[in-house]
Number of protein chains: 4
Amino acid sequence: MEFNEHKAIYLQIADRLSEKILNEEWVSEDRIPSVREMGVEMGVNPNTIMRTYDYLQTLEIIYNKRGIGYFVSQNAKNVIFKIQRECFFNEDLPIIFKKMKLLSITEEEFHKHFCNISE
Amino acid sequence: MEFNEHKAIYLQIADRLSEKILNEEWVSEDRIPSVREMGVEMGVNPNTIMRTYDYLQTLEIIYNKRGIGYFVSQNAKNVIFKIQRECFFNEDLPIIFKKMKLLSITEEEFHKHFCNISE
Amino acid sequence: MEFNEHKAIYLQIADRLSEKILNEEWVSEDRIPSVREMGVEMGVNPNTIMRTYDYLQTLEIIYNKRGIGYFVSQNAKNVIFKIQRECFFNEDLPIIFKKMKLLSITEEEFHKHFCNISE
Amino acid sequence: MEFNEHKAIYLQIADRLSEKILNEEWVSEDRIPSVREMGVEMGVNPNTIMRTYDYLQTLEIIYNKRGIGYFVSQNAKNVIFKIQRECFFNEDLPIIFKKMKLLSITEEEFHKHFCNISE
DNA sequence: GTGGTCTAGACCACC
DNA sequence: GTGGTCTAGACCACA
C-alpha cells in the first residue's frame with residue numbers, strides 16, 4: 001500500500017478505515033481486523049496500526065473489547081459524517097477558496113474538473 | 001509573527017514570500033531582504049530564513065548574487081503560478097472531490113459557501 | 001576522516017556515498033546508516049549528514065521511509081552515472097580542452113600521463 | 001559578464017586576464033585598465049577587481065606603479081605558463097583521470113570530444 | 001529507534 | 001556588508 005508524503009501514515013489509514021464505514025463495507029458491531037493482521041495487510045508496523053485504532057477510539061468510531069478485539073461503534077457512520085463535514089466546511093473550504101482566488105481559478109474551472117472526474 | 005503548527009516554519013515563510021510575488025508586492029529583479037534582516041522581521045533564526053531562500057532558489061523563484069543578496073527571478077510569478085495551479089488541480093482537487101462525494105456535498109452547497117465568503 | 005578545504009563537507013560526503021553506489025558497495029534498496037550513525041562514522045555533526053541525505057534525495061539517489069531510514073533508490077547508480085557523465089562532458093571537458101590549448105598541451109602529453117598513472 | 005557559480009569571481013577574472021596575456025592581447029609593460037574601469041567593464045564591484053589585481057601581483061604577473069596604475073610584468077607570460085601547467089598536471093589531471101575511470105570514460109571517448117570541439 | 005526542524009552562535013570567503 | 005557552512009544541543013512527531 002502506498003502512502004502520501006505529507007500526512008502521517010496512521011492518519012491516512014484512519015481515513016481509509018473511515019471510508020469503509022461510510023461505504024458500509026463495515027457496519028456497526030462488526031469486528032475489525034486485529035492490529036497485527038491489519039499491519040500485515042497495510043505493510044506497516046503494528047505500532048502504527050495501534051495508533052490508528054487509538055485515534056479512532058477517542059473519536060468513538062470504534063471501541064475495544066479487551067482480549068477480543070476492536071468493533072465498529074453504533075453511531076460510527078454518523079460520527080464520521082459529522083466530523084468530516086465540519087472539518088470540510090470550517091477548515092478545508094476557506095483554504096481552498098483563498099487558493100482559488102490567489103491562483104485566479106474560477107468556479108467554472110472548478111466545475112469543469114468536477115465533471116471530468118465524476119464521469 | 002504567528003506560525004501554524006503542522007507545517008515547517010521555513011515552508012510557511014516560503015508561502016508568504018510567494019504570495020508577495022503573486023501580489024506583485026515584489027517584482028522581478030527586486031532585491032529581497034537579507035537573511036538576517038528577514039530573520040529579525042519574522043522573529044526567526046537566520047538559518048531558518050536561509051533554508052527558505054535555499055528552497056525558493058531550487059524552485060528558481062529567487063536567485064543569488066554572491067556577496068550582494070537574493071533577487072526575485074525573471075519568471076518568478078509564472079513559476080509560482082504554474083507550480084501552485086498544478087498542485088491544486090492534480091493533488092488538491094481529486095482529494096476534495098472524493099471527500100465531497102463521500103460526504104454527499106453537492107456543488108450547490110459548495111457554491112453557497114463560496115458566495116458567503118466572497119462577499 | 002579528512003576533508004578538502006574548498007568544498008562543503010556535506011557535498012564531499014555526498015560524493016563518497018555516490019562512489020559507494022557506483023562501486024556497488026551499496027546497491028538498490030539497501031538501507032544506509034542513520035543520520036546519527038553516519039555522523040559518528042564521519043566525525044561530523046548529524047545535521048551535516050542530514051544535509052547530505054537531503055541533497056541526495058532531491059537527486060533521487062536515495063529515498064526515505066518515515067521512521068525507518070534512508071534507502072538506495074532503484075535507479076541510483078544510473079542516475080549518478082548520468083549526472084556525472086553529463087557534468088564531465090558539458091562542463092569539465094570544455095574547460096580542460098580550453099586550458100590544454102592555451103597551455104600548448106597535446107593529446108600525446110595527456111596520454112603519457114594517463115599511462116603513467118594507470119600503471 | 002557572466003560568472004561560474006563554483007569559483008570566486010575575482011579568480012575567474014584573474015583567469016581571463018591571464019588569458020589575455022597568454023594570447024598576447026596584453027604584452028609586457030602594457031598598462032592595464034584601472035580598478036574602476038575594469039569594474040565597470042566586468043559589471044563588478046571595484047573591490048573585487050582590487051582583489052584580482054592583488055592576487056596577480058603576488059604571482060608577479062602584474063606590478064604596480066603608485067599613482068599611475070598596474071602594468072604587465074616582464075615575465076608575465078612565462079610565469080602564467082609555468083604556474084598553470086604545473087597546476088594542470090599535478091592537480092587537475094589526477095582528478096580528471098579518477099573521474100574518467102569511475103565513469104568508464106575511455107581515452108577514445110575523450111579523443112572524440114577533443115576532435116569535435118577543436119573543429 | 002528514525003528523520004525533521006529550529007535555535008544560538010561561530011567562522012569563513014567573498015563583494 | 002552579504003551568503004554559506006558547521007556545530008551543539010534541543011524538541012517533536014512518527015514507526
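Order of the sequence lines fixes the chain letters, A, B, ..., with proteins taken first and strands second; residue numbering starts at 1 for each chain. Only this structure's heavy atoms are used, side chains among them; waters, hydrogens and symmetry mates stay out.
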Taking only N and O in the side chain of C/Y70, is any of them less than 4.0 Å away from OP1 or OP2 of E/dG4? yes

Contact list please: residues 41-53 of chain D against DNA chain E, heavy atoms, distance less than 4.0 Å, in numerical order. D/T48, D/R51

Tell me whether the count of non-hydrogen atoms from other residues, nucleotides or ligands lying under 6.0 Å of CD in D/E60 goes above 12. no

For residues C/I32 and C/V72, report the shortest heavy-atom separation together with the two atoms involved. CG2-CG2, 3.8 Å

Contact list for DNA chain F against residues 8-15 of chain D - heavy-atom distance below 4.0 Å: none

Over how many whole Å does the gap from A/H6 atom NE2 to E/dT5 atom P extend? 11 Å

Under a 4.5 Å cut-off applied to non-hydrogen side-chain atoms, are A/F88 and B/M100 in contact? yes

Measure the distance from CG on B/D54 to P on E/dC6 and round it to the nearest whole Å. 14 Å

Can you give the donor-acceptor pairs under 3.5 Å from side chains of residues 41-51 of chain A to other protein atoms, not counting sequence neighbours?
from, atom 1, to, atom 2, distance (Å)
A/N45, OD1, A/N47, N, 2.8
A/N45, OD1, A/N47, ND2, 3.4
A/T48, OG1, A/N45, O, 3.4

Interatomic distance where NZ belongs to A/K7 and C1' belongs to F/dA13 [whole Å]: 15 Å

Qualifying residue, where the test is side-chain hydrogen bond (donor to acceptor under 3.5 Å, both in side chains) with C/Y63 and the options are C/Q74, C/E29, C/Q57: C/E29

Which ring-ring contact (aromatic ring centres under 6.0 Å, His included) pairs, counting each pair once, include a residue from residues 30-55 of chain B, with sequence neighbours left out? B/Y53-B/Y70

Using whole Å, report how far NZ of C/K65 lies from C1' of E/dG1. 16 Å

For atom CZ of C/R31, is the number of surrounding heavy atoms from other residues, nucleotides or ligands below 6.0 Å larger than 12? yes

Could you provide the dot-bracket string of DNA chain E, using ( ) for intrastrand pairs, [ ] for crossing pairs and | for bases paired to another strand, with Watson-Crick or G-U pairs below 3.5 Å? ||||||||||||||.

Residues A/R85 and B/L103: closest non-hydrogen pair is NH1-O, 2.8 Å

Let me know the distance between OH of A/Y55 and P of F/dC14, rounded to the nearest Å. 11 Å

Find the distance B/N64:CG to F/dG1:P and express it as a whole number of Å. 17 Å

Ignoring hydrogens and geometry beyond distance, is the side chain of B/R36 in donor-acceptor contact with the base of F/dG3 at under 3.5 Å? yes

Both B/G67 and C/P33 contact DNA chain E. Taking the nearest nucleotide for each, which residue is further toward the 5' end? C/P33

Please, which pairs that meet side-chain hydrogen bond (donor to acceptor under 3.5 Å, both in side chains) have at least one residue in residues 75-84 of chain B, sequence neighbours excluded? B/E24-B/K77, B/N75-B/N78

Without decimals, in angstroms, what is the distance between C/F71 CZ and E/dT2 C1'? 10 Å

What is the distance, rounded to the nearest whole Å, between atom CD1 of C/I68 and atom C1' of F/dA13? 15 Å

